[in-house]
Amino acid sequence: MAQVTSIRGFKDIVPDEVGKWHYVEAGARSVFSLFGIREIRIPILEKTELFVRGIGETTDIVEKEMYTFKDRGEDLLTLRPEATASVLRAFIEHHLYETDPLVKLFTIGPMFRRERPQKGRFRQFHQINVEYIGQDDPRIDAELIFMLMYLLQSLGLESLNLEINSLGCAQCRKPYRPELVAYLRNHDGELCQDCLRRLETNPLRIFDCKAESCQKILVDAPVMLDTLCHSCRHHFDTVQQYLGELSIHFTLNTRMVRGLDYYTKTAFEVTAQSLGAQNAVTGGGRYDGLLKLLGGPDMPGVGFAIGVERLISMIPRSNEDFIEHPDIFIAALGARAQGYAFLLAQALRRAGIKTEMDYSPRSLKGLMKRSDRLHCRYTLMVGDDELDAKNASLRNMATKEQAALHLSSVEEDARSLASMINGNNRKPADASGEKG
RNA sequence: GUGGGUGUAGCUCAACUGGUUAGAGUGCCGGGUUGUGGCCCCGGAGGUUGAGGGUUCAAGUCCCUUCACUCACCCCA
């Protein structure tokens, strides 16, 4: 039979890799709790309209990357390509703005975009998403960025570049856009094919173009930052001031634009060379008009998304560092001993001891070898003889020391093994403290 | 969607210009005297060489088609 394989761009996360995922998720959750950011869980499927309105009709995501299909009725549904639109939809739907002036939310989960896979880019990928909704004080932007950098640093990531920019508000953008378009029109002979197209759809993104000819033109192009209105200017200055006081190093990238239409004012990205062409670990920014656009109250918000696969690829530790090892392996020889081992294993697990055993009749050597391969801390050796003599031996795999264990009942044996193992588990300071 | 690169054992890779039964390391299973792991030694299992077709006395190797993976463009986390 021909085997069925996974879908292109959809990856399995195998057991050896899962440890890093737990590490990242646990690290994120612990930082979020310090900042009072609460979890929200939202559906993977939404009405297509949510993303069309939220992300923008002319964006690449909406135009050609979404997994959209017709439900049995009429509704067009889409597998979410990002989380912000859904989080805001839920925020509005549950009137969360009535609960607190500033609502801080995070969510972790898979996103879907039908792009050609490459390094750091998959069709199903995962994001850690944070949104601060309700207020637009520049200190909120600064805190969000501070929190993000603190999280990345606490996960052990190095050589990251934080870039920030301001995209202005609707008012100050209005005069800027025609100015930029006019400038580019004067040079349209030198623009690449893609940029000629962008000139019509979303001229801001020409700044992202990698073609040298285009970059040359952009050197003298008018920059958004120079045309910010008074309040946007002040907002951005304050963000930078506080980042400075928090010792967050950043570079001002006046040419950074984000790919989603909803961003306003503060925009930021964290990139890393080692990621290859898809070098952004994180991106985010402010989106002050988005809630209203989605039919909610006219409230400001700011947030970011971390690409979990990209983040994980940068963690400077091996998968093995995160693999959990069993406390004890029960090496049973003989049919009766195996029966005893089976019951003892369940009792030990109930007592909180990570326990392994083997269900096939193997030699003691084979059992020891398996215990070793699993990196068990102890091996309990018990054969039919020991069972009769009520005496098994417990081997410390690291020190090779063996101690005799008097057997009575399964429950009793589990209890004494558990206390022996937990006893040796204790740190010296703890142990001395409890001895008295 | 467009280009480049690569598909051989579970994993990492060999196999001169086409030439016997496609190899090695690692992992897995077993053994090295009776019941003690890591090191060493020996043995074993495991491949339709991604798939399909073609050229040839002969194809892992050459040609065509197709699929997958991968990197880049594009785009973004």
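Letters A, B, ... are given to chains in the order of the sequence lines, protein chains preceding strands, and every chain is numbered from 1.
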Rounded interatomic separation in angstrom, taking NZ from A:Lys400 and P from B:rU36
13 Å
Output the rounded distance in Å from CG (A:Asp372) to C1' (B:rG27).
14 Å
If I pick the P atom on B:rG60 and the same atom on B:rG52, what distance separates them, to the nearest angstrom?
13 Å
Base, sugar-phosphate, or nothing for A:Asp385, non-hydrogen atoms under 4.0 angstrom?
base
Expressed in angstrom and rounded to an integer, what is the separation of A:Leu364 atom CG from B:rG32 atom P?
13 Å
Do A:Ile61 and A:Glu82 have side chains that get closer than 4.5 Å, going by heavy atoms?
no
Among B:rU36, B:rG30, B:rG35, which nucleotide has an atom closest to any side-chain atom of A:Met368?
B:rU36
Pick base, sugar-phosphate or nothing for A:Met111, based on heavy-atom distances below 4.0 Å to the nucleic acid.
nothing
In whole angstroms, how far is the C1' atom of B:rU36 from the CZ atom of A:Phe329?
12 Å
When you compare the side chains of A:Glu131 and A:Thr84, does any donor N or O come within less than 3.5 Å of an acceptor on the partner?
yes
Can you identify which nucleotide, out of B:rU36, B:rG30, B:rG27, has its nearest atom closest to the A:Gln402 side chain?
B:rU36
Which value, in whole Å, describes the distance between the C1' atoms of nucleotides B:rC57 and B:rC40?
48 Å
With rounding to the closest Å, how many angstrom separate the C1' atoms on B:rC62 and B:rA58?
13 Å
Assess whether one donor atom and one acceptor atom, taken from the side chain of A:Lys365 and the base of B:rG30, lie less than 3.5 Å apart.
no
If we take the P atom in both B:rC64 and B:rU55, what is their distance in whole Å?
15 Å
Please check if atom CD in A:Gln135 has more than 12 non-hydrogen atoms from other residues, nucleotides or ligands closer than 6.0 Å.
yes
Do A:Arg317 and A:Tyr23 form a cation-pi contact, if we require the NZ or CZ to be under 6.0 Å from the six-membered ring centre and within 45 degrees of the ring's axis?
yes
Residue set satisfying side chain to side chain contact (heavy atoms under 4.5 Å, CB included) with A:Asp288, at least two apart, ordered chain then number -> A:Asp136, A:Thr264, A:Lys265, A:Arg286, A:Pro300
Just how far, in rounded Å, is C1' of B:rG35 from CG of A:Leu367?
10 Å
Using modelled atom types and a 3.5 Å cut-off, is there a donor and acceptor pairing between side-chain atoms of A:Asn279 and backbone atoms of A:Ala272?
no
Using whole Å, report how far CZ of A:Arg362 lies from C1' of B:rG37.
12 Å
B:rA15 to B:rC69 separation - C1' atoms, rounded to the nearest Å:
23 Å
P atoms of B:rA72 and B:rG25, separation to the nearest Å
35 Å
Any donor-acceptor N/O pair, A:Asp358 side chain to A:Ser360 backbone, under 3.5 Å:
yes
For B:rG37, does the base pair up with any side-chain atom of A:Arg395 as donor and acceptor (N or O, under 3.5 Å, distance only)?
yes
Nearest non-hydrogen partners of A:Phe122 and A:Gly9, listed with the distance
CB-O, 3.4 Å
Using Watson-Crick and G-U wobble pairs with both distances under 3.5 Å, what is the 5'-to-3' dot-bracket string of RNA chain B, with [ ] for crossing pairs and | for pairs outside the strand?
(((((((..((((.....[...)))).(((((.......))))).....(((((..]....))))))))))))....
For atom P, what is the distance between B:rG47 and B:rU8, given to the nearest Å?
15 Å
Going through the checks in order, is the ring pair (Phe, Tyr, Trp, His ring centres under 6.0 Å) test met by A:Phe106 and A:Phe32?
CA-CA 8 Å; A:Phe106 80 90; A:Phe32 294 159; 4.7 Å; yes
Which value, in whole Å, describes the distance between the P atoms of nucleotides B:rU48 and B:rC11?
13 Å
Contact class for A:Glu386 (heavy atom, under 4.0 Å): base, sugar-phosphate, or nothing?
base
Do the ring planes of A:Phe304 and A:Phe268 sit parallel (below 30°), tilted (30 to 60°) or perpendicular (above 60°)?
perpendicular
Could you tell me how far apart A:Asp384 (CG) and B:rG35 (C1') are, to the nearest whole angstrom?
12 Å
Do A:Thr266 and A:Ser166 have side-chain atoms, one donor and one acceptor, less than 3.5 Å apart?
no
Base versus backbone protein contacts along nucleotides 72-77 of chain B [heavy-atom cut-off under 4.0 Å; B, S, -]:
BBBBBB
Given atom CZ of A:Arg8 and atom P of B:rU66, what is their separation to the nearest angstrom?
14 Å
